[in-house]
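Since the structure comes first, as structure tokens, the remarks are kept for the end.
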Amino acid sequence: MTAYAPAAARDVPALAALWETCFGDPASDSEPILTHPQIRTFAAYADGKPASMLCALPATLVDEAGGEAPCAYLYAVCTHPAFRRRGLSSGLLAFAEEALRCAGFSCAALVPANESLFGFYQKNGYQTVFYQKKYEAAPGGAADIRPVGAADYRALRELQLYGCFVSFPEAMLGLLPQRWRIETDTAVCCAAGAVQDGVLRLQELLPDVPEASAALAARLGCTRAEVCTTGGDRPFAMAKALGAAALPGRAYLGVSFA
């Protein structure tokens with residue numbers, strides 16, 4: 001028998017094990033999210049044990065006029081391999097969405113883990129709203145670069161964004177692996193990402209100044225930078241209205257906490 005419910009604190013070890021099975025991350029990576037007081041976790045239980053899960057991070061969807069609507073960023077949506085193709089994820093999405101709607105959230109947003117999942121989420125009522133540009137930059141050049149905390153990163157990020165975008169609270173931006181302030185001859189930028197296998201992978205660079213990513217890659221000794229930023233037509237993330245308010249046709253999300 002399957003039951004859907006908000007996850008209980010006693011289930012954190014089992015949820016961390018499910019996370020590791022599905023994503024390969026150790027408990028040391030997942031437990032800060034699973035135990036975070038501002039993050040809601042929902043689970044589908046089979047025989048009393050978590051078989052499917054998702055986390056809902058608090059965010060805000062800002063419209064072109066500066067209006068704000070509470071938005072839930074859905075993260076770590078997964079189902080144990082032994083329980084897949086039984087509709088658990090779809091059922092869990094519906095349960096979580098209703099709980100979030102009742103809690104005052106106007107919409108939900110998520111980043112499909114791969115291209116094939118866009119179709120799955122579309123069947124569950126989501127539409128592609130968030131787009132980005134992605135390119136590579138060779139290391140080189142110089143800039144004034146320094147790591148920044150979540151509060152400073154949020155302040156820099158909010159200054160750079162306009163139109164429709166998703167704003168994250170300081171506590172959520174603190175979950176990003178690394179954050180930098182980069183000052184070139186022409187702009188002051190903020191960037192978030194990590195170095196993996198000698199490659200600088202930036203989830204976002206604001207504003208889009210390729211020289212900033214090149215200088216950061218050079219500073220960190222990377223072979224190249226892979227940059228995601230505003231603009232472009234690359235589908236990135238999806239959203240679903242949880243109430244009567246309509247979604248924007250196009251918006252910016254940026255970070256994915258992956």
Side-chain angles (χ1 to χ4, degrees), residues 19 23-26 28-30 32-33 36 39 55 57 59 73-76 109-115 130-162 165-184 186-238 251-258:
W19 187 309
F23 301 116
D25 301 326
S28 58
D29 288 350
S30 61
I33 292 177
H36 198 290
I39 297 176
C55 300
L57 285 62
Y73 175 93
L74 305 187
Y75 180 67
L110 52 79
V111 180
N114 56 61
E115 190 173 341
F130 305 102
Y131 296 84
Q132 62 178 202
K133 178 167 68 173
K134 186 173 184 179
Y135 61 86
E136 293 188 0
D144 180 13
I145 300 170
R146 60 180 174 87
V148 293
D152 287 341
Y153 188 83
R154 185 177 189 276
L156 284 168
R157 186 177 192 269
E158 298 284 308
L159 283 173
Q160 306 293 356
L161 291 171
Y162 56 90
F165 66 92
V166 173
S167 173
F168 292 98
E170 178 184 337
M172 298 302 101
L173 293 174
L175 297 172
L176 295 172
Q178 291 178 277
R179 301 162 300 271
W180 298 274
R181 177 188 185 276
I182 308 169
E183 184 171 355
T184 69
T186 60
V188 176
C189 307
C190 62
V195 176
Q196 298 175 336
D197 300 322
V199 177
L200 173 62
R201 293 187 167 92
L202 293 180
Q203 294 185 25
E204 73 176 3
L205 171 66
L206 302 171
D208 179 17
V209 179
E211 295 83 0
S213 61
L216 181 58
R219 172 72 63 86
L220 298 176
C222 298
T223 58
R224 69 180 188 277
E226 295 180 355
V227 183
C228 295
T229 186
T230 55
D233 296 311
R234 178 177 179 261
F236 175 60
M238 310 180 79
Y252 176 78
L253 188 139
V255 296
S256 64
F257 302 97

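Worth saying up front: this structure is predicted, and the values here are computed from it rather than measured.
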[atom1] of [X] to [atom2] of [Y]: how many Å apart, nearest 0.5 Å?
X      : Y      : atom1 : atom2 : result
Ile145 : Leu216 : CD1   : CG    : 5.0 Å
Met238 : Leu74  : CE    : CG    : 12.0 Å
Arg219 : Ile182 : CZ    : CD1   : 9.5 Å
Phe236 : Lys133 : CZ    : NZ    : 15.5 Å
Tyr135 : Ser213 : OH    : OG    : 4.5 Å

Closest heavy-atom pair and its distance - [X], [Y]:
X      : Y      : result
Ala142 : Ala215 : C-CB, 3.9 Å
Asp208 : Pro210 : O-CD, 3.7 Å
Trp180 : Leu202 : CZ3-CD2, 3.8 Å
Val255 : Gln203 : CA-OE1, 3.4 Å
Cys228 : Gln132 : SG-OE1, 3.4 Å
Leu253 : Tyr73  : CD2-CE1, 3.8 Å

Task: Thr184 (side chain) donor-acceptor with Ala143 (main chain) under 3.5 angstrom - done: no
Just jot down the side chain to side chain donor-acceptor pair (under 3.5 Å) partners of [X], sequence neighbours excluded, or say none.
X      : result
Thr230 : none
Lys134 : none
Thr223 : none
Asp25  : Trp19

- [ ] Just grab all the salt bridge (Lys or Arg N to Asp or Glu O under 4.0 Å) pairs involving residues 187-200, residues at least two apart or on different chains.
- [x]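 Of all non-adjacent pairs touching residues 187-200, none passes salt bridge (Lys or Arg N to Asp or Glu O under 4.0 Å).
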- [ ] Enumerate the residue pairs fulfilling salt bridge (Lys or Arg N to Asp or Glu O under 4.0 Å) with a member in residues 220-238, sequence neighbours excluded, ordered by first and then second residue.
- [x] Glu136-Arg224, Arg201-Glu226, Arg224-Glu226, Asp233-Arg250
Less than 4.5 Å apart, any side-chain heavy atom of [X] and any of [Y]?
X      : Y      : value
Leu206 : Tyr252 : yes
Glu115 : Pro235 : no
Ser256 : Tyr75  : no
Val166 : Phe130 : yes
Asn114 : Pro112 : no

Task: OH (Tyr162) with more than 12 external heavy atoms under 6.0 Å - done: no
Validation: residues 170-179 side-chain donor-acceptor distances under 3.5 Å, sequence neighbours left out:
unit_1, atom_1, unit_2, atom_2, d
Arg179, NE, Val148, O, 3.2
Arg179, NH1, Leu173, O, 3.2
Arg179, NH1, Leu176, O, 3.1

Task: For Tyr153, all residues meeting ring-ring contact (aromatic ring centres under 6.0 Å, His included), sequence neighbours excluded - done: none
Task: Pair Arg157-Ser167, side-chain donor/acceptor within less than 3.5 Å - done: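 The answer is no; no qualifying pair exists.
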Could you list the residues that satisfy side chain to side chain contact (heavy atoms under 4.5 Å, CB included) with [X], not counting sequence neighbours?
X      : answer
Pro207 : Gln160, Ala187, Cys189, Val209
Leu156 : Arg181, Val188, Cys190
Ala217 : Pro139, Leu200, Cys222, Ala225

